[in-house]
Amino acid sequence: GAGVSQSPSNKVTEKGKDVELRCDPISGHTALYWYRQSLGQGLEFLIYFQGNSAPDKSGLPSDRFSAERTGGSVSTLTIQRTQQEDSAVYLCASSAQRGQETQYFGPGTRLLVL
Amino acid sequence: QKEVEQDPGPLSVPEGAIVSLNCTYSNSAFQYFMWYRQYSRKGPELLMYTYSSGNKEDGRFTAQVDKSSKYISLFIRDSQPSDSATYLCAMSGGSNFGNEKLTFGTGTRLTIIP
């Protein structure tokens, strides 16, 4: 079946603007994760959803970052008042259910804040 | 000190050679160990998944986990130019312990020279 999809694939924005990044997980996958990949920092966990609830938001770097998931499927990561240090690749992953540890990643959204 | 340490390379080897990639970690709660391959401007692709200590083989790839030493390895036999990519180790404590998120190494950039 289809894998994890993300949109947009690339986003260029001006400092101070808000951006929304979208993730469509693999159909039927109940767990969804957001990670950020930046040069020199590697892949860092942001937030985890089980269904529509987020039991672990510990990786969100500031209150400018928020995420939601609706219908146990699509998730949106929102960054308000973007800063240049927010420039990174934002990756979404999903896994089948609790107890299934393997996570499958989407292609990512490359965000550049000018 | 990072929870997961991985030599960033770059690592260049001739085609047909055996490649050894390694990670060390400090968190004894990690139970699940994964290797991902990431091509340039793509999302990470799951290669190998291992639970606890031991070896796992899949085609040309072998993953080893030594929990007593907190050391994991990935071996690639008969390396091919198509294996040229960044290899990321990742690990988690597991969803049954409420610790689903993956913690990644920084990745090793590998080039196979024809």
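Heavy atoms only: backbone and side chains are in, while hydrogens, waters and symmetry mates are out.
- Contact check on A:Asp18 versus A:Arg64 returns no salt bridge, with no Lys/Arg side-chain nitrogen under 4.0 Å from an Asp/Glu carboxylate oxygen.
- With a 4.5 Å cut-off on non-hydrogen atoms, A:Gln6 does not touch chain B at all.
- Of the atoms belonging to A:Ser58, it is side-chain heavy atoms, and not backbone ones, that fall under 4.5 Å from chain B.
- The OG1 atom of B:Thr24 sits 10.5 Å away from atom NZ of B:Lys70, with the distance rounded to the nearest 0.5 Å.
- A salt bridge links A:Arg22 with A:Asp24: the distance from a Lys NZ or Arg NE/NH1/NH2 to an Asp or Glu carboxylate oxygen falls below 4.0 Å.
- Top candidate by heavy-atom pairs under 4.5 Å with chain A, chosen from B:Gln38, B:Met34, B:Gln6, is B:Gln38.
- The contact between A:Leu43 and chain B is made by backbone and side chain atoms together, counting heavy-atom distances below 4.5 Å.
- A salt bridge does not link B:Lys101 with A:Glu44: none of the charged nitrogens is closer than 4.0 Å to a carboxylate oxygen.
- In this structure, chain A has no heavy atom under 4.5 Å from any part of B:Tyr51.
- Listed options A:Ala93, A:Gly108, A:Pro107 were ranked by heavy-atom pairs under 4.5 angstrom with chain B; first place goes to A:Pro107.
- The NZ atom of B:Lys2 sits 11.5 Å away from the SG atom of B:Cys23 when rounded to the nearest 0.5 Å.
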